[in-house]
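Everything on this sheet refers to the single structure shown next.
Bear in mind that the values here come from a model prediction, so they are computed numbers and not experimental data.
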Amino acid sequence: MSTENVRVRFAPSPTGHLHIGGARTAIYNWAFARHHQGAFILRIDDTDRQRSTDENTAAILRALEWLGMDWDEGPEVGGAYGPYFQTQRAKSHMEALQSLRDSGDAYACFCTADELATRRDPAAPDGSHGGYDRRCRSLPPATISSRIASGDQHVWRLAVPEERGQIEIDDAIRGEVRWPAEVMDDLVLVRSDGTPTYNFATVVDDWQMAISHVIRGDDHLSNTPRQVLIYEALGARVPRFAHMSLIFGSDGKRLSKRHGATSVEAYRDDGYLPEALLNYLALLGWSIDDKTTIFDRETLVRDFELGRVSRNPAVWDPDKLEWMNGAYIRGLSPTELGTRMRPYFAKAGLVRPDGTQGDDVDLDRVAPLLSERMKRLSDAVRAAAFLFGDLVEIEEVSRAKMAQTDGAAEILEAAAARLGALETFDAASAEAVLRSLPEVLPVKPKDVFQTVRVAVTGSTVSPPLFESLELLGRERALARLASARDSLDLADHAADPG
RNA sequence: GGCCCGUUCGUCUAGAGGCCUAGGACACCGCCCUCUCAAGGCGGAGGCACGGGUUCGAACCCCGUACGGGCUACCA
C-alpha cells in the first residue's frame with residue numbers, strides 16, 4: 001500500500017456525544033494516517049439539522065482530544081479542503097448534482113413517499129428485490145421541465161447504468177466483495193427539500209477532500225456499492241475502502257445505551273485513563289501479534305495496519321477494560337497518579353481543584369497506597385475518604401466484627417497508649433508498636449491489626465494500615481482509637497438494656 | 001423476502017495446509033505471598049459452529065447447513 005497521499009477522515013454526526021464505537025473508528029483512522037505519515041481529517045457530518053448541535057460538536061472534539069487524537073484538517077485547525085462542516089458544503093453538493101443532471105446520470109422523480117410505499121407493498125416481491133421501479137426515469141423531458149417549473153415536489157435520483165454488471169471493491173479488511181448492479185435501486189441523491197442524502201453528501205465530500213481510504217464501520221458495507229456508483233457517475237476516483245466490524249454488547253446486539261455507558265465522556269468521568277481506553281479500543285478488533293496486550297500510542301502508530309484488523313464483530317468487555325485501566329494506573333508514578341486523582345477528590349469536595357496548597361491530605365502521598373487497589377481513578381475517593389476529617393464513621397458490619405473480637409477494648413487502649421508515646425509517629429514505628437502488642441496482651445496479631453484498622457479507617461478493608469496511620473497523624477489516629485473504644489461501651493449498654 | 005458480511009476457550013484474540021498435544025490476555029477456580037483488600041507469583045479448567053469435499057495431511061482451501069449481524073428510507 002502506497003504511503004503517498006494517504007488522506008483519511010473521521011466524520012461523526014453531532015447528534016450525540018462520541019460513542020465508543022465511533023471512537024474506535026477515529027482511532028483506526030488516526031493510527032492509519034499517522035502510520036503512513038498521511039493526513040487525518042475531521043469532518044462534522046451535521047446534515048441532520050434537527051438533531052445536530054454545537055454542544056455535541058464541542059463535546060466530540062473534546063473527547064477526541066482527551067483520547068489523544070489530533071487532526072491535521074478540520075474544525076479549529078482549518079485546512080485546504082474546507083469547510084469541514086458538511087452543511088457548509090451545500091454548494092458543492094449542488095454543483096455535483098448539476099453535473100450529474102448535465103451528464104444524464106441524475107433524474108427528477110416525482111413519486112411521493114406514499115406512492116412508493118403502496119407500490120412496494122403488494123405482498124412478497126417474489127424474486128424481484130422490490131425496490132423503486134424507475135418509472136420516472138422514462139418521463140419525457142418536456143413533462144419533467146414543466147412539472148419542475150410548476151413547483152411539483154421531486155427528488156433527484158441516480159440513474160444506475162443498465163449494463164453495469166458487477167460492482168466490485170477490494171476492501172482492505174474484507175478482501176474482494178461484489179454485488180450485482182441490478183439489485184441497486186436508483187437511489188435518492190437529493191431530497192425534495194433540496195438537501196443531499198447521506199450517501200450523496202459523503203461521496204461528494206470524500207471525493208473533493210481527496211480522501212484516499214475510507215475506514216468505517218461494517219454497517220456501511222452495504223452502502224458501498226451505491227457510493228461506488230456515485231463516484232463513477234461523478235467521474236471521481238474511487239477510494240480504497242476498509243470496513244471494520246461493529247462492537248456488540250454481551251447479548252450479541254449492537255452496542256447501545258442499554259448495555260451501559262457508551263460515550264467516551266462517561267468513561268472519562270468514571271475514572272478511566274485515556275491511554276487505557278485507547279489501548280483497549282485499539283485491541284478490540286485489531287492485534288499486533290499473539291501476546292502484546294499493553295502498548296502505548298507510539299507502538300500503535302508504528303504497528304497499525306488494516307490487514308490485521310479482524311473481520312468478526314467484537315463484544316465489549318467491561319471487565320477487561322477495567323483490568324487494563326488498573327494496569328495503567330499501577331504504571332503511573334505517585335505524583336502522576338496524585339494529579340490524575342485530583343479531579344475526582346475535588347468533585348467530592350475533599351480537595352481543591354487547582355491543587356495548589358492547603359489540602360487536608362497530600363494526594364501524592366496517598367497515591368502509592370492506592371495504586372495497586374484501584375481499577376478506576378474514581379475508586380480512590382471511596383478508598384481514601386477516611387483520611388479526611390477528624391473522626392471516621394465506622395461501617396456497621398465492621399463495627400460488629402470489632403465488637404466481637406476478643407480483647408478489642410484492651411487492644412484499642414494499649415494501641416492508643418503506645419502509639420501516643422511514640423517518639424516519631426511514622427509507619428515503621430506504628431508497625432513495630434502494633435506487632436509487639438501480642439507480647440503483652442493475650443491477643444492475636446491479626447486481631448490487633450483488624451481492630452485498629454476498623455477504629456482508624458472505619459472498615460475491615462483499607463489501604464495498608466501502618467502507612468495510613470502515618471498519613472492520618474498521631475492526633476487524629478488517637479482520637480479515632482478513643483472514639484472506637486467508647487463505642488464499644490455504648491454497644492454493650494445498648495445490647496444489655498437491663 | 002432479497003443482497004452482503006461474519007463464525008477459534010464465557011470474552012478479546014494468535015493462527016495465512018504440516019511449527020497446533022491449538023498460543024496469549026481478561027474473567028473464573030486452586031495454591032503461594034500477606035496487616036485487611038488488592039497487586040504479584042505458580043498452577044488449573046475451558047475453544048477450532050455443524051456436515052460434506054480437496055489433500056499424504058485442514059482451525060487454515062472449496063461447497064452446503066445452522067446461527068449471528070448489516071443493508072434493503074426523501075436516517076446517518
Side-chain angles (χ1 to χ4, degrees), chain A residues 11-13 15 45-48 51-52 86 109 111-113 116-117 120 123-132 153-157 171 173-174 177-180 182-185 187-199 201-202 217-226 243 245-246 248 250 252-254 280 283-294 307-308 310-324 326-327 330 370-375 383 398 431 434-435 445-450 452-454 457 459-466 468:
Chain A
S13 292
T15 53
D45 281 2
D46 56 350
T47 45
D48 186 339
R51 296 189 299 146
S52 295
Q86 198 162 49
C109 168
C111 301
T112 65
L116 292 173
R120 244 192 312 256
D126 52 291
S128 85
H129 56 279
Y132 175 61
Q153 286 277 301
H154 60 282
V155 299
W156 290 93
R157 289 181 183 274
D171 193 281
I173 294 172
R174 266 148 228 289
V177 185
R178 55 194 127 245
W179 300 261
E182 308 87 70
V183 305
M184 295 299 148
D185 282 339
L187 68 158
V188 173
L189 302 173
V190 174
R191 304 183 187 100
S192 52
D193 67 359
T195 60
T197 58
Y198 162 77
N199 279 315
T202 43
D218 212 356
D219 47 342
H220 292 291
L221 184 58
S222 300
N223 282 321
T224 306
R226 295 176 238 288
H243 289 94
S245 52
L246 270 13
F248 285 176
S250 52
K253 305 288 183 209
R254 259 169 103 146
Y280 177 75
L283 219 43
L284 203 61
W286 175 78
S287 63
I288 295 180
D289 54 32
D290 58 339
K291 44 197 52 150
T292 310
T293 304
I294 303 273
R308 289 194 65 84
S310 75
R311 286 173 291 275
N312 42 319
V315 173
W316 180 255
D317 182 1
D319 285 342
K320 188 157 184 175
L321 206 213
E322 273 209 331
W323 164 79
M324 190 172 280
R330 271 169 256 136
L370 263 30
S371 78
E372 350 184 280
R373 38 211 118 220
M374 285 166 63
K375 285 195 176 351
S398 299
E431 176 166 9
L434 296 182
R435 283 197 189 282
K446 197 159 211 163
D447 288 341
V448 173
F449 301 136
Q450 285 304 80
V452 173
R453 186 190 309 282
V454 171
T457 72
S459 168
T460 53
V461 175
S462 81
L465 181 56
F466 316 123
S468 296

Does B/A25 have a Watson-Crick or wobble mate here (both distances under 3.5 Å), and if so which one? B/U11
So A/Ser287, base contact, sugar-phosphate only, or nothing? Heavy-atom distance under 4.0 Å. sugar-phosphate
Nearest-nucleotide 5' precedence on RNA chain B, A/Asp289 against A/Leu321: A/Asp289
How far does the P atom of B/G23 sit from the matching atom of B/G47, given to the nearest Å? 12 Å
Distance col, row A/Arg453:CZ vs A/Thr460:OG1, nearest 0.5 angstrom, shows 8.0 Å
With sequence neighbours excluded, what pairs up with A/Tyr198 under the ring pair (Phe, Tyr, Trp, His ring centres under 6.0 Å) test? A/His220
What is the pairing partner of B/C60, taking Watson-Crick or G-U wobble pairs with both distances under 3.5 Å in any strand? none
Hey, does A/Lys320 reach any base, or is it just sugar-phosphate, or nothing, if we go heavy atoms under 4.0 Å? base
So what does A/Tyr198 hit on the nucleic acid, given a heavy-atom distance under 4.0 Å: a base, only sugar-phosphate, or nothing? base
Could you work out the separation of B/C9 and B/C5 based on their C1' atoms and round it to a whole Å? 24 Å
Please find out if less than 6.0 Å separates the ring center of A/Trp323 from that of A/Tyr280. no
Return the nearest nucleotide to the side chain of A/Val155; candidates are B/G70, B/C74, B/A76. B/C74
Once you apply a heavy-atom cut-off of 4.0 Å, does A/Leu221 come out as touching a base, just sugar-phosphate, or nothing? sugar-phosphate
Looking at A/Ser192, I'd like to know whether one of its side-chain N or O atoms comes within less than 4.0 Å of OP1 or OP2 on B/C74. no
Strand partner of B/U34, provided both Watson-Crick or wobble distances fall under 3.5 Å: none
Whole Å only: how far is the NZ atom of A/Lys253 from the P atom of B/G68? 7 Å
Rounded to the nearest Å, what distance is computed from the CH2 atom of residue A/Trp316 to the P atom of nucleotide B/C26? 17 Å
Counting just side-chain N and O atoms, does A/Asn312 come under 4.0 Å of either OP1 or OP2 of B/U8? yes
Toward the 5' end of RNA chain B, by each residue's nearest nucleotide, A/Asp317 or A/Arg226: A/Asp317
Which base, if any, makes a Watson-Crick or G-U wobble pair with B/U55, both distances under 3.5 Å? none
For A/Tyr280 and B/A27, what is the distance between atoms OH and C1' respectively, to the nearest whole Å? 12 Å
Is the phosphate of B/U36, meaning OP1 or OP2, less than 4.0 Å from a side-chain N or O of A/Lys446? yes
Applying the Watson-Crick and G-U wobble criteria at under 3.5 Å, what pairs with B/G6? Answer none if nothing qualifies. B/C67
